[in-house]
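Reviewing the structure listed below.
FYI, side chains are in, hydrogens and waters are out, and symmetry mates aren't considered; it's all heavy atoms of this structure.
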Amino acid sequence: MYTDGKIYIGLAGEKRVTMQLDMANRHGLIAGASGTGKTITMKVMAESFSDAGVPVFLCDVKGDVSGLAMPGVSSEGMEKRIDKFGIRDSFQYQAYPASWSIRR
């Protein structure tokens, strides 16, 4: 979530973890074991860069981020996450601009 020139990545205990937009560069690596939140982190960063007006290029072989082009829908799990991260007042489900190409 992009607010105040920073990307809100998540929590470390009770402390918010953010990345200043001006500290982001063209290269990055998100690594970890299965189920540790790599895809969610990438989605949050892509959405936040888009909110800040920064174009984003994603290669999505498995189709994990195809939902960015459509607004999300409420679910019990999402409602719990919204409250856990303390973003109830600022969160909204929204679509992001997207274009794609399939080459075979």
Side-chain angles (χ1 to χ4, degrees):
M1 169 172 266
Y2 178 69
T3 56
D4 301 322
K6 298 177 187 172
I7 297 175
Y8 176 21
I9 302 290
L11 295 172
E14 296 294 319
K15 186 177 178 184
R16 283 185 170 216
V17 177
T18 61
M19 177 175 64
Q20 289 182 222
L21 191 62
D22 62 356
M23 296 302 288
N25 63 30
R26 296 179 186 198
H27 307 285
L29 173 68
I30 301 171
S34 294
T36 57
K38 298 178 300 293
T39 300
I40 298 300
T41 299
M42 181 194 53
K43 286 180 180 182
V44 167
M45 291 177 68
E47 290 171 351
S48 298
F49 283 124
S50 183
D51 286 340
V54 178
V56 176
F57 173 78
L58 294 174
C59 293
D60 183 21
V61 176
K62 292 176 15 181
D64 290 337
V65 296
S66 60
L68 287 175
M70 302 291 293
V73 294
S74 181
S75 68
E76 185 178 337
M78 272 302 296
E79 295 303 312
K80 286 179 182 178
R81 289 182 67 82
I82 290 167
D83 290 333
K84 175 183 177 181
F85 291 109
I87 56 174
R88 175 69 56 198
D89 294 337
S90 57
F91 180 81
Q92 64 181 8
Y93 293 99
Q94 65 185 47
Y96 285 86
S99 63
W100 57 88
S101 175
I102 299 174
R103 297 189 185 209
R104 295 178 188 215

request  = Decide if atom CG of D4 counts as having more than 12 heavy atoms of other residues, nucleotides or ligands within a radius under 6.0 Å.
outcome  = no
remark   = Residues M1 and S90: closest non-hydrogen pair is SD-OG, 3.5 Å
task = Of all the heavy-atom pairs spanning A46 and L58, show the shortest one and how long it is.
result = CB-CD1, 4.0 Å
task = Please report the shortest heavy-atom distance between S50 and Y96, naming the atom on each side.
result = OG-CD2, 3.5 Å
note = Between F85 and G10 the two heavy atoms that sit nearest each other are CE2-CA, 3.9 Å
inquiry  = Donor-acceptor pair, distance only, cut-off 3.5 Å: does the side chain of K6 make one with the backbone of V17?
reply    = no
Smallest separation among heavy atoms of M45 and I9, with atom names = CG-CD1, 3.8 Å
request  = Establish whether V56 and I30 are linked, either directly or via other cluster members, by ILVMFWY side-chain heavy-atom contacts under 4.5 Å.
outcome  = yes
key: Ion pair E76/R81, N-O distance below 4.0 Å   = no
request  = For S48 and V44, indicate whether the former's side chain and the latter's backbone hold a donor-acceptor pair under 3.5 Å.
outcome  = yes
message = So does M19 get a backbone contact from the side chain of Y8, meaning a donor-acceptor N/O pair under 3.5 Å?
response = no
ask   = Can you name the nearest heavy-atom pair linking Y93 to M78, along with the distance?
value = OH-CB, 3.4 Å
ask   = Is a side-chain donor or acceptor of K38 paired with a backbone partner of A33 at a separation under 3.5 angstrom?
value = yes
